[in-house]
Protein chains: 2
Amino acid sequence: MRDFMDVIKALADENRVRALMALRGRELCVCQIIELLGLAPSTVSKHMSILKQARLVESRKQGRWAYYRLAAEDATPDAREALVWLQERLSTNPVVRTDRKKLQAIVRTDPEILCRGQCQARGALS
Amino acid sequence: MRDFMDVIKALADENRVRALMALRGRELCVCQIIELLGLAPSTVSKHMSILKQARLVESRKQGRWAYYRLAAEDATPDAREALVWLQERLSTNPVVRTDRKKLQAIVRTDPEILCRGQCQARGALS
DNA sequence: TGTATATTTCGTCATATGGCGAAATAAGGA
DNA sequence: TCCTTATTTCGCCATATGACGAAATATACA
C-alpha cells in the first residue's frame, strides 16, 4: 500500500503532473522544466525528487546538467501503470496541449542560454 | 484538468482508498465504514463527501441511514477509469485483504447494533 | 408533538504540503 | 587551483489537509 500511496500522492499536484506529461517520449533538463512551469529552481527540484522517490521518473547527470525522463526499468508496477493511465487520460487535456506548444520553443533553445541566470531572473524565454 | 486533479486528490489518502475498496460490489452504510476505518463519524463523513465531490461514489438516504456505493452513471470518465485502476492495482493488497476480513463480520452485524452509541464509544465490534 | 439517534456541519488543532530565497554542492573551464 | 554556474538542500512561511468533539440537521418512532 505504501508504494501505491507514494505514487498517488506524487500525482496529487498539478505541477508534477504537468512535468510528467512534458517528459512523454523524451528527457528534459531541469532548467527546461523550470522554464515550462515558471517555478523557482528549488521548487522544481523538490517536485522532481518526489517523482523520483515514487519511481515515476529516473535521472542522469551530464556535466552541469541533470536530465529527467519517465521511469522505465526503474519503475515499480504501480508507477508504470500510473504513467500509462496518465498519458491515456491527459494527452488531449488543454493544459497539456498548451504545455506542448511551450515545450516546442523550449527544446529548440540551447540549454546554455535557457539556464543563464535562471536562478536570478526567471522567464528568459517569455 | 480540474476534474482529473479532483479525482487524484480524492485518492491521495489511504483511508479514502480503503473506503473505495470496501465498496467493491456492494453499498455500505456510513456506520459500517466508520467501523472499518476506526475513525470518528465526522471524519468519515468528510472523507465520503470528498469522494462524492470527485464523483467516485454516489449515496442514497434510507431512513436514518446513509448508504454509499461506487459511482456508476454519476461518474465522470476520469472517476470511472480511476475506479477500475484502483480495483486492478489493489485487489490483492494486504491492507485491502485484511479489510475484507473485517467487512465480513461488519456486514453480518445488524446496523442497528453496529451504530449503537458509535458516536460516544467507537469499536462496538472489536 | 416530542424524543432518540444517524449523519453532517462547524470550529479548532496539529501536521503536511508547496512556495520562495539563501546557502551548500558539484562539475566544467580558465 | 580558482571561478562560474546548474542543481540540490535547508530554513522559513502561508495555506491545505486530516483528525477530533460539539452542535446542527434530519428522520424514525413513541
Side-chain angles (χ1 to χ4, degrees), chain A residues 5-6 8-19 27-54 57 59-68 106 109-124, chain B residues 5-6 8-19 27-54 57 59-68 106 109-124:
Chain A
M5 292 310 302
D6 279 352
I8 290 285
K9 282 168 189 265
L11 298 182
D13 176 273
E14 182 164 336
N15 287 318
R16 286 195 291 267
V17 169
R18 287 172 62 198
E27 58 178 15
L28 290 174
C29 169
V30 173
C31 64
Q32 295 174 307
I33 303 171
I34 289 170
E35 189 67 29
L36 174 69
L37 299 180
L39 295 172
S42 58
T43 304
V44 171
S45 181
K46 188 77 199 324
H47 280 317
M48 298 315 290
S49 84
I50 289 169
L51 291 173
K52 192 172 180 178
Q53 184 129 11
V57 303
S59 67
R60 76 188 169 88
K61 198 136 195 187
Q62 179 179 309
R64 283 173 298 170
W65 290 285
Y67 290 91
Y68 285 89
I106 290 172
T109 308
D110 182 359
E112 197 75 49
I113 292 167
L114 193 62
C115 295
R116 181 136 313 151
Q118 203 167 42
C119 295
Q120 283 74 25
R122 286 196 305 287
Chain B
M5 292 311 301
D6 279 352
I8 289 285
K9 281 167 188 266
L11 297 182
D13 176 273
E14 181 164 336
N15 287 319
R16 286 196 291 268
V17 169
R18 288 172 62 200
E27 57 178 15
L28 289 174
C29 169
V30 172
C31 63
Q32 296 176 307
I33 303 172
I34 289 169
E35 190 66 28
L36 173 69
L37 298 179
L39 295 172
S42 59
T43 305
V44 172
S45 179
K46 187 80 198 323
H47 279 317
M48 298 315 291
S49 85
I50 289 169
L51 291 174
K52 192 172 181 179
Q53 185 129 11
V57 303
S59 67
R60 75 187 170 88
K61 197 135 195 187
Q62 180 180 308
R64 282 173 298 170
W65 289 286
Y67 290 91
Y68 284 88
I106 290 171
T109 309
D110 182 359
E112 195 76 49
I113 292 168
L114 192 62
C115 293
R116 181 135 313 151
Q118 203 167 40
C119 296
Q120 282 74 27
R122 284 195 307 285

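First the proteins, then the strands, lettered A, B, ... as listed; each starts at 1.
- Here the side chain of B/Trp65 is nearest to one of C/dT7, D/dT7, D/dC20, namely C/dT7.
- A donor-acceptor contact under 3.5 Å links the side chain of B/Ser42 to the base of D/dG21.
- Shortest non-hydrogen contact noted between B/Ala19 and B/Ile33 is CB-CG2, 4.2 Å.
- Whole-Å rounding puts the B/Gln62 CD to D/dA26 P distance at 19 Å.
- Distance CD1 (B/Ile34) to P (C/dT7): 6 Å, rounded to an integer number of Å.
- The two residues B/Leu11 and A/Met5 make their nearest non-hydrogen contact at O-CE, 3.5 Å.
- Considering every non-hydrogen atom in both A/Ala54 and A/Asp6, the closest pair reads CB-O, 3.7 Å.
- Between A/Arg60 atom CZ and D/dT7 atom P the separation is 12 Å, expressed in whole Å.
- Picking from D/dA28, D/dT7, C/dT8 the nucleotide with the shortest atom distance to the side chain of B/Ala66 gives C/dT8.
- Closest to the side chain of A/Lys61, out of D/dA19, C/dG18, C/dA26, is C/dA26.
- Side-chain contact between A/His47 and A/Leu39 is present, with at least one heavy-atom pair separated by less than 4.5 Å.
- Atom-to-atom, OH of A/Tyr68 to P of D/dT7 comes out at 9 Å; the value is rounded to the nearest Å.
- The side chain of B/His47 sits closest to D/dG18 out of C/dG19, C/dA6, D/dG18.
- Side chains of A/Lys52 and A/Ser59 form a contact here, defined as non-hydrogen atoms less than 4.5 Å apart.
- Counting only heavy atoms from C-beta on, A/Arg16 has its side chain closest to C/dG18 among C/dA6, D/dG18, C/dG18.
- Rounded to whole Å, atom P of D/dA19 lies 10 Å from atom CD of B/Glu14.
- Side-chain N/O atoms of B/Thr43 include one lying less than 4.0 angstrom from OP1 or OP2 on D/dC20.
- Nearest nucleotide to the B/Arg64 side chain, out of D/dT27, C/dC20, D/dT7: D/dT27.
- Across D/dA19, C/dC20, D/dT8, the shortest atom-to-atom separation from the side chain of A/Pro41 is found for D/dT8.
- Note: CG (A/Asn15) to P (C/dT17) measures 16 Å, nearest angstrom.
- Nucleic acid contact for B/Tyr67: none, since no nucleic acid atom lies under 4.0 Å from a heavy atom of the residue.
- Distance, B/Asp13 CG to D/dA16 P: 17 Å, rounded to whole Å.
- Of the candidate nucleotides D/dA19, D/dT27, C/dT9, C/dT9 has the atom lying nearest to any side-chain atom of B/Ser45.
- Among the nucleotides C/dC20, D/dG18, C/dG18, the one closest to the side chain of A/Ile50 is C/dG18.
- Residues B/Arg18 and B/Asn15 form a side-chain contact, since some pair of their non-hydrogen atoms from C-beta on lies under 4.5 Å apart.
- Between the CD atom of A/Glu35 and the P atom of D/dA6 there is a distance of 13 Å, rounded to whole Å.
- Among the nucleotides C/dA6, C/dC20, D/dA19, the one closest to the side chain of B/Leu39 is D/dA19.
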